[in-house]
Protein chains: 2
Amino acid sequence: MKLDILTKTENFDVQKHIIASIRDLINLKNLEPGDKLPSERMLSERFSVSRGNVREAIQKLEFYGLLESIPQSGTFVANIGVIAMNGMIEDILRLEAPDFKSLVETRILLELKTVRLAALRRTEDDLVEMKVALEAFSKKVRNGEDAVQEDLLFHLAIAKASGNSSMNTFMLIITPEIITNFAKYHVCDTSNAEVGIEEHNAIFKAIEDKNPQLAKKKMKEHFKELYKYCYNV
Amino acid sequence: MKLDILTKTENFDVQKHIIASIRDLINLKNLEPGDKLPSERMLSERFSVSRGNVREAIQKLEFYGLLESIPQSGTFVANIGVIAMNGMIEDILRLEAPDFKSLVETRILLELKTVRLAALRRTEDDLVEMKVALEAFSKKVRNGEDAVQEDLLFHLAIAKASGNSSMNTFMLIITPEIITNFAKYHVCDTSNAEVGIEEHNAIFKAIEDKNPQLAKKKMKEHFKELYKYCYNV
DNA sequence: ACTCAATAATTGGTTAACCAGTTCCTAATG
DNA sequence: CATTAGGAACTGGTTAACCAATTATTGAGT
C-alpha cells in the first residue's frame, strides 16, 4: 500500500516534469498558437520518459485547453499566447489537492447560487425529480437509517435544476470529495436529521414558488453548521 | 476533419455505453462499497469493447470518486451507496459541454467570490504577482496591442490569492473555454481598453487595502458589460 | 484436521508493435 | 519549368503482449 502511494507520487512528479519540459520547449522554440509540437515519440526520447507518460501529460494540457491533438497529424498549441500559456502551466504545476476548507467554501458558494437559479428556472420535470429525492431522504431519516446519499442527491437535483451546466459539473466534481471528508472528519454526525427534513422541505417549497431570495435564505440556514465549521475551525 | 469529429463523438458514445453498463452491472450484482468489480479483461469481453476503452471509463468514474483502482488487486466501488452511485452516474452521462452563458455565469460567480477572499487573505507575494500581471497588461494596452492574455493572468492571480484551491482550479478549467468563446463571438471587442486598466487598478488597490466589499464592487463594475451580455442576450 | 509455505492464476499497469490517416518529398510528365 | 501523381515517412491512436505485485490454491508437514 505504501509502495502504491509512492508509485503514484512518482508518476505525478514525472508528469509535472514533462509538463514543465513542454513549457520550456515552447518557450525555447518560440512556438506560437497553431504551431506543431514535436511528435510524441521525439518528446519521449528527448525527455527520457515513456511515450505513455508524454501522452498523459499532453492529455492533461489538452484538458486545460492549452494543446490540441489532431489524429494522424500532430499536437498543436492552442489559440493562447505564450504569456498566458506560461502563467497557466505554472498554476497547473502548482495545483495541489484541495483542502477540506476550500471544498466546503466552494460548495457553499455553488449551492447558494444554484438554489437561486433553480428557483428562477426550474421546470416541472425538475420539480418532480427534486420531490422524488426529497421523499427518499425523508423516508430514510424517519426509519432512522443513514441518508447521506439521499441528502446528496437532493442537492444535485437542485444543481441540475439551476440550468447551468458548468456549476452542475463542478458540483459533481466536489461532491464525492466532500462525502469522503465528511466521513473522515465526522462532520454533521450530531446534527438532528428531523431538522434536515424540514430545511429541505423549505428549500423545495421556495424553489417551487419561484422565490429565489427565500430559497437562498433557506439554503443558508441549512448550511449554518457547515458555515461555522468552515470559518470558525 | 469531419471524420475526426465523428470519431470523437463515437468514442464519447462508446464510453458512455461502458459507464452505463458498469452501472447496470453494479445494480444487477448488488455490489456494495468496497466490493470488487470484475477485472478489466472480463469487462472488456463482456461489453465487447477494447480493454483500453474500459480503462478510460474506469478512470473517468475514478475521477468522480465512484470507483477506486488498486494496482495488481482490482477495481473497487467507492464508499458511496448504490443510490448515490446511480444518481451521479446518471448525471455524468447526461453531462453536456457547457454553453457559453453557463461559463460566463460561473466565471462571474467565481470572480466575485475570489476577489473578496483575495482582499481578505492576500499575502505580500500575492500582491507582487498581481502587480506584475497588472503592469504587463497596462503596458500592452498602452502600446495598442492585444492584451487578452495579460488580462486573464491578472484574474488568475486574484484566484490564486484567494487561497481557495478548488476555486483556483475551477477558474483554470473555465478560463481557456472563455477565451476561445470570446474570440468566437467577438465579445468585448469594442470595450475601451483604457477603462479596463483603471478598473484593474481599482480592484488591485482594494485588495491591497484589504477591503473586500470595495474589491467585490469594483469587480462587479469590471464585469458590467459581461453581465449585460449574460443576462440580456 | 490444521498451518503455512510454495506455487499457480489473476490483477491493474506498462511497454512495444501495429494501424490508418496525413504530410511531405520525389520524380515523371506535360 | 511547373504540375501533379505516387509513395515513403511520419503522425496520433489502438491493440496485444508483457510485467510486477497480489491473491487464491494447493499440498506437505505437524
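Below, each value reflects all heavy atoms present in this structure, side chains not excepted, and no hydrogens, waters or symmetry copies. Chain letters run A, B, ... following the sequence lines, proteins first, then strands; residues in each count from 1.
- A straight line from CG of A:Leu67 to P of D:dT11 spans 16 Å, rounded to a whole angstrom.
- A distance-only check finds no donor-acceptor pair linking the side chain of B:Asn168 to the backbone of B:Ala159 [under 3.5 Å].
- One can place CG of A:Asp35 at 15 Å from P of C:dT23, the figure rounded to the nearest angstrom.
- Listed candidates were C:dT22, C:dG13, D:dG13. Nearest to the side chain of A:Ser73 is C:dT22.
- Here C:dA9 presents its P atom at 16 Å from NZ of B:Lys36, a figure rounded to the nearest Å.
- Distance alone, capped at 3.5 Å, places no donor-acceptor pair between the A:Lys140 side chain and the A:Glu145 backbone.
- Among C:dT14, D:dG13, D:dT11, the nucleotide with an atom closest to any side-chain atom of A:Ser39 is D:dT11.
- Proximity of the aromatic rings of B:Phe170 and A:Phe170 is defined here by a centroid distance below 6.0 angstrom, and this criterion is met.
- The listed nucleotides are C:dT22, D:dT14, C:dG12; the one nearest the side chain of A:Gln72 is C:dT22.
- Residue A:Thr75 places no side-chain N or O under 4.0 Å from the OP1 or OP2 atom of D:dT11.
- Counting to the nearest Å, the P atom of D:dT11 and the CZ atom of A:Arg41 are 7 Å from each other.
- In this structure, CG of B:Asn53 is placed 6 Å from P of D:dT15, rounded to the nearest angstrom.
- Nearest nucleotide to the side chain of A:Arg51, out of C:dA20, C:dT14, D:dT14: D:dT14.
- Taking atom CG of A:Leu43 as the reference point, atom P of D:dC10 lies 15 Å away to the nearest angstrom.
- At the heavy-atom level, B:Gly52 lies nowhere under 4.0 Å from the strands shown.
- A donor-acceptor pair is defined here as one N or O able to donate and one able to accept, closer than 3.5 Å; such a pair exists between the side chain of B:Ser44 and the backbone of B:Arg41.
- For B:Arg55 and C:dG13, the shortest distance from a side-chain N or O to OP1 or OP2 is below 4.0 Å.
- At whole-Å resolution of the value, CD in B:Glu40 and P in D:dT14 are 16 Å apart.
- One interatomic measurement links the two molecules: CD of A:Gln59 to C1' of D:dG12, which rounds to 11 Å at whole-angstrom precision.
- The shortest side-chain heavy-atom distance between A:Phe76 and A:Asp35 does not fall under the 4.5 Å cut-off.
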